[in-house]
Structures are given as C-alpha cells and as structure tokens.
Number of protein chains: 2
Amino acid sequence: MIQRPRGTRDFGPEEMETRRYFESLMRDVARTHGFREVSTPIFETTDLFVVKSGPGIVDEMYAFKDKGDREICLRPELTAPVIRFFVSDLTTRPRPLKMFYFGQCFRYERPQSGRYREFFQFGAELIGAPTPESDAEVIGLAASIIKRTGLQDYRIRVGHIGILRSKLASAGVNPDDMLKILQKLDKKLYDEARPLMKEAGMSDDDLENVISTTQITGPMSVLREFSGEAKEHLEQVFSVLHAYGFDNVSVDLGVVRGLAYYTGMVFEADAPALGAEKQICGGGSYSLSELFGGEKVFSSGFGIGFDRILLALQREGTTSPVTAIQAYVVPVNEKMRARAFKIVADLRGSGIVADIDLMRRNLAKNFKYADSIGARFTVVIGEKEAEDSSVTLRDMRSGEQAVVKTDELVDRLRP
Amino acid sequence: MIQRPRGTRDFGPEEMETRRYFESLMRDVARTHGFREVSTPIFETTDLFVVKSGPGIVDEMYAFKDKGDREICLRPELTAPVIRFFVSDLTTRPRPLKMFYFGQCFRYERPQSGRYREFFQFGAELIGAPTPESDAEVIGLAASIIKRTGLQDYRIRVGHIGILRSKLASAGVNPDDMLKILQKLDKKLYDEARPLMKEAGMSDDDLENVISTTQITGPMSVLREFSGEAKEHLEQVFSVLHAYGFDNVSVDLGVVRGLAYYTGMVFEADAPALGAEKQICGGGSYSLSELFGGEKVFSSGFGIGFDRILLALQREGTTSPVTAIQAYVVPVNEKMRARAFKIVADLRGSGIVADIDLMRRNLAKNFKYADSIGARFTVVIGEKEAEDSSVTLRDMRSGEQAVVKTDELVDRLRP
C-alpha cells in the first residue's frame, strides 16, 4: 500500500466540513473588519526566508533545488511571502493596506502530537499606519476571530519589545548579543539567558531587572512604574481595545517573539485546553519590507495556528454544523428511473442537498443506505403516485410516510 | 528585490475575491449533489504518481529528496492522492462514496500563457457504483458546475474508450502498443499514429477504420451502426443526462484520454473562448485503487482546470459580486475616537463590512481615502451629534448627508 508522507494528514468528509466551516467563519470576520484576502505560491525562493530569519531556517524547511538549479522551498510561514508581494505589486495601493490570508505552511521537524509537517495558517497584515490604533485593530481582529470560533477559554497577552530592548541597550548590550538574549527570554530559558547577559557585559542588577521585567503580567496598571514611548503606546492600544469591547486582554512583558524584525507591540494568544503547547496566535508590529528591497513601512500582523485552534475547540467539545443529505431519491423500478433523475435534479437546482440511488438497489437496501449516509428524508418515486404527480416522502427519523405532490416537494424538503 | 518563483502567481484582493466566489460556488453545487469534500497533502511520495502514470512523469514534476532521503514530489494532480486516501482509510464507508476536492497542483514545464507551474484543480470522484447512472452523475456534476459558473459557450463531449480498445484488440494490437497508439489518437496526431498502427501489425483497412472512428461526433444517433456493451452503456448514460436536463452533451469517440487506467466512459469539456488550449474539464471511469494496493473497484471522476475556467469566464466578460466596504467610520477629533471604535465594532458584529480611520487623518483626507477604497457610506462621528446619540451618514455616491440615530445605523447600512 502506498503511504501518505510522514507528518502529513488526509482529511475525510466530516473533518473537512468542520475545517471549511471555521475557515469560512474566520474569512467572514476578517472581511467585516475591512481586511481583504491575498494569496501567494506554496513554494518560494529559499532566500526569502533566509533574509527574514537567518540561514538557520534552511534546516527547518523543505528546501530543495528545482530542475533549473534554483533554490526553492515550501513556505514555512506567510508573512514573508505577503510582504514580498506587497513590495513587488501593492505599494501604490491606498494606505493602510489591510490583508489576510489562509493556507498551508511546511516545516521539516520530527512530527509530534499536534505538530505536523504540513499545517494551516490564518493570518493578517496591516501595512502603513504607524499608530496605536492600527496595532489595536490587528489585536482586535485576532480577538474577534478567536471569539467567533466559540473557543471558551483563551488568554490574549500584549507586550512591547521596545521595553526590554531599551533596558538591554542601556545596560550596554550590542545588537547581536541582544537577539540571542531575547530568544532565550522568549522561551523563558532564564538559566541560559543569564550567562549570555553576563557575557554581554551586564551587571547583576541590570540582569535581574531584565528578568523580572519579563515576568510582569496583569492589567494595564502593572505598568504604573514605567514611563516613555512604549508605555504610552501600549496605553493607547489598550484604550482602543477597551472601546472595541475587549477587556480580557492583559499586559505581559514576557511576550518577546524572538525575531529581529519585531519593532514594538507584540502579542500572543493561548488556549489552556492545549496544555504545554498552548499558543494559538502570535504577532506584533514589525519592519520587513526594506529587507526585501522595499521602502521602510510600519506593519503589524498576526498568524493563527488553524490546526491548533481546531484542536482546542475539539478539546472544549465545540461542534460545527454538519450538512446532511436532505433527500435521498429512490425509484421503485426501472420505469421510474428517468422520473427520479428529473426530480433529484430539480431538488439540487433549488439548493437542496439531494442524492439518488446509483446502484439499482431494491427498496429495503436503499432505506438502509439512506440511513447509513444520514439522509433526513427518502423520496420514493412509485408508479401509482406518479400518475397523480406525487411521490412518497419518508421521514428517516420518525419512519412516518406521506404522499406529497411533486410541486410541493421543494418546500417540504427545505431545511 | 526578491522575486516570486517563475511560473507562479500572487493573487491580489480583487482577484482573490473572484476566485473564492467561484470556488465556493463549485463547492456548493458539489454538496447539493451529495458529494463531500476531502483533502490530501500538497506533497506525496513520488512513487504514487510513477505507479499511476509511469516513470516519465518524474520529469514533469517538482520531485525531490527530503532530508530523510525520501523521494517526494509536489502533487501534479489529485485523483491519485484521493484514491490513495480511499485505499488506506475509506474502504469501509457506504458505497457509492462521493467525494470532491479543490487545491493546488504543480507541474515542472516551461511557463506559457494560461499554463502555470502552480495551478488549481477542482474535481470529484465517485467510487463503487459500476452503473451508467454513476457515470452520468459524474458528467452531470461537471455540467452543473460549469453551468452555474455562468460560462456561456462550452461543449461537453462523451466517448467510450472500450470502443477503440476492442477495435485495436481485434486487429491484433498488443496492450503496450495499444497505449502508445491511443496517446497519439488522443492528441489527434494521426501522422504519428499511422506508422505505430502499421508496426503493431494492423491492416490498412483496420487502421483507417480506427482513425475514422475517432472522428465520429454528434448526437447519440451517430452510434446507430454500432452495437455491444460500450454502446449500450453510453445510451443509458445519455438517457440519464437527458432526465437531468443536459441535452447539450454530444458523443465524441475522439475523446481518448491517453492513460492506461481509464476503463470505459471518458469525457471532456471545452470552452471555445480559450482558443487552442480550450479544455476546461476531463474525466471518465477508471481503475486505480488496485494499483495502490487496494481492491479493484469501479470509479469515475473528473478534474476541472480552475484557472482555465476562470480565464474563459473572464474572456466572456462574466463578473462576480464584489464585497465593498459598506461603512467607513471617521471620528471628527481625538475626543470622539473611543466612540468611533465602539460604533465600528457594533457594525462589524452585525456582519456589516466596516472600516475606521487608523491614520488620524483630517475629515477631507478621510473622505478621499473612503473614496479610494470604494466605501459605500462614511459615518462621521461628531461631537454635537454624539450628544443626541446620533452620527452623520454620508452617501459616497450621491454626496448626500443625513443625521441618523446610532441605534438605527445598522439597519440603514445593511446592504
């Protein structure tokens, strides 16, 4: 038997219906917020991600040479492709430019529970509005999407990378060391961060001050001792989030996002239902466009781990509507077949989900099949009823049968 | 500037909206026909397609080794993955099993007009019903989808590979030669087919009879001189298509589909608007499951070239609905900002596509921006109106303004 590649998934009809339902819900929320969808290729030049994230990323990607000896790779994330697209084609659009996207991403790593080599990402980017409002708009979209999925238990935590950066800088840390330190702090690996900070020339006081700063979490009032641009920015972000009705968002200066291109506000959302790997969303404001040869432009955005949020919803027992077969049409004999096909075509044309016997089964076997596919009604096309322009309608839940005029069938079957 | 890989596309907001509209329309039609969506990974083991189509396919694919030295490739089509999925996970489902899919496929070839290295395929497979009805159901679904897109000019041509196969077999052609000959006949390369038929030992009479058979096209009556199983099968397929209301389908024995796994009915749809590369859909009944280690099972299906049909629709001037920004909300000053964010959140929560000033622009610039994004109305949040729980609503088409109570705003703005 030929196997599916390791770390990938097939999705059957029930799972696909759930996935499309939530995908479409996320798309609707993004649209009502004035974001519009864009799409980029599944593979990109390897360079795009090396420029963004450094050469280390190549080991974590599906990177290969195509037949023309070009280095290409399956995209590991979608921000870089969208910004590449912006730089090459969208710079003349009115600003702010609000975009969202949904699609597969890929990583080469040992498959483990809840982490796949092919996974799905929903995300948004807002380009060209260097205001606290636009950071709040991005957080607000993420929060609205998560809320609309019906997820019960989630936390949104907002920080500002500028606070730690300025503390590290005034303690004499140079930019290269800073990134390494921030990456350790991002993962709360304090035992690994401490020696790095020492080596970077920080005093014990400065070092402990930075570590205790990453542990500041709570409502806006936890920042009462702080001052400066970063704090003022966060205050305004929180005041817009308040106007938007999101009061379940907290400050967390431990949100670090260990990548060099984040510039200011950073945020994450967790779903405790997921246990240790609980992050479902991450984002912030960043500067990438100029790395790809474009102008420097203020951007903020986020990515939602679509598989993660679905897993969290499943653990919470949330379900999504299922499209059942509303009518299963059965001709009683060969003579009635043409009539049956005509009727099923009319039902489908009226938007009713309808199926028909394609196996020439007898009535008993057809009822059994109708049951097995979860059909709501069976429409039996009999000879006697045909003379009277009628059919027999059987309710598959109650077992009740009724003779119904053919021209009333659509109304009777509309869910 | 970092470039997009050759032969691939980015899709901007307008194009994506069109694409999602038609994708969703196709999905709806498939659902009303009792087909359910499945999904498989973007990459597969290279073997899957070699087993299906022969080793020659490797040259036409994005095939590479992953870091674990496994031969994998970007999928060139979706029937093989779906049947692989069927064999491994879906064999115990009730039959017939009706599935559809939509997604990217990839081919490595010189990019040319209308042919991309990354392209999109919509398709369906019906498994386990060896009847003319199921062939008709598959053709009927393809026809319904094409019709629902609004495409004006298209032709559906149905043949039966058994007719040519039995003619070639009774003229003494062995199976290996037969496939080569059929591939030439598929492409109407008669000058290349003739010497192959000669070499395979066919008489001139048999040879010309086969060639003239491939030129038989027209209504069912063109088969009046024929007899046998294949003809009877086609007759029943056409009678179901007639009951379904599809009378624009014709017989074409020149539809050959040059692949070994087709077993009986074969069909294609063309859009003349596309010129030489006019095929938008192809399919038929086939036998693949046993090649992948499963049981032998009757299947039929089709693939629609999503990019091709969109191009045909575009050439015919068909348009799709556009989601415009219905309301653009503007606070007149900083004091009104919180109120403005509250109002935009309410509008969005009611499903209205609404946007808000994120740039702190003045009123004149905001009107200009609202125009540039095609906003239908601008909602001005002024101080005097606020005292009276009202806002000013400006119709961006007529330029008319009216003061409207905030609690009537949603009703006034619903499109």
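Proteins come first, then strands; the chains are lettered A, B, ... in the order of their sequence lines, and each starts at number 1.
- Proximity to chain A is limited to the side chain of B:Glu118, based on heavy atoms less than 4.5 angstrom apart.
- In this structure, chain A has no heavy atom under 4.5 Å from any part of B:Lys368.
- Residue B:Ser239 does not touch chain A at all, counting heavy-atom pairs closer than 4.5 Å.
- Heavy atoms of B:Arg339 lying under 4.5 Å from chain A are absent altogether.
- Only the side chain of B:Asp89 has a heavy atom closer than 4.5 Å to any heavy atom of chain A.
- The ring of B:Tyr369 has its center closer than 6.0 angstrom to the ring center of B:Tyr328.
- At a 4.5 Å heavy-atom cutoff, the contact between B:Gln236 and chain A is made by side-chain atoms alone.
- With a threshold of 4.5 angstrom between heavy atoms, B:Arg19 does not approach chain A through any atom at all.
- With respect to chain A, the highest number of heavy-atom pairs below 4.5 Å among B:Ile325, B:Asp28, B:Val82, B:Asp66 belongs to B:Asp66.
- More than 12 heavy atoms of other residues, nucleotides or ligands sit less than 6.0 Å from atom NZ of B:Lys67.
- Two rings, from B:Phe100 and B:Phe35, have their centers 6.0 Å or more apart.
- In this structure, chain B has heavy atoms under 4.5 Å from both the backbone and the side chain of A:Arg348.
- Looking at B:Ile343, neither its backbone nor its side chain comes within 4.5 Å of chain A, counting heavy atoms on both sides.
- Between chain A and the residues B:Glu15, B:Arg4, B:Arg70, B:Arg31, the largest count of heavy-atom pairs under 4.5 Å involves B:Arg4.
- Taking the side chain as every heavy atom from C-beta outward, B:Thr32 and A:Ile352 never approach each other to under 4.5 Å.
- Between A:Phe85 and B:Phe11, the ring centre distance reaches or exceeds 6.0 Å.
- Interface residue A:Glu37: backbone and side-chain heavy atoms are both found under 4.5 Å from chain B.
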Begin from the C-alpha positions of B:Tyr62 and A:Phe43 and carry the test ring pair (Phe, Tyr, Trp, His ring centres under 6.0 Å) through to its verdict. CA-CA 11 Å; B:Tyr62 279 89; A:Phe43 60 89; 4.8 Å; yes
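- Residue B:Arg148 does not touch chain A at all, counting heavy-atom pairs closer than 4.5 Å.
- Heavy atoms of A:Leu347 lying under 4.5 Å from chain B are absent altogether.
- Looking at A:Thr46, its side chain does come within 3.5 Å of a backbone N or O of A:Ile72 through a donor-acceptor pair.
- When heavy atoms are compared at a cutoff of 4.5 Å, B:Gln104 approaches chain A solely by way of its side chain, counted from C-beta outward.
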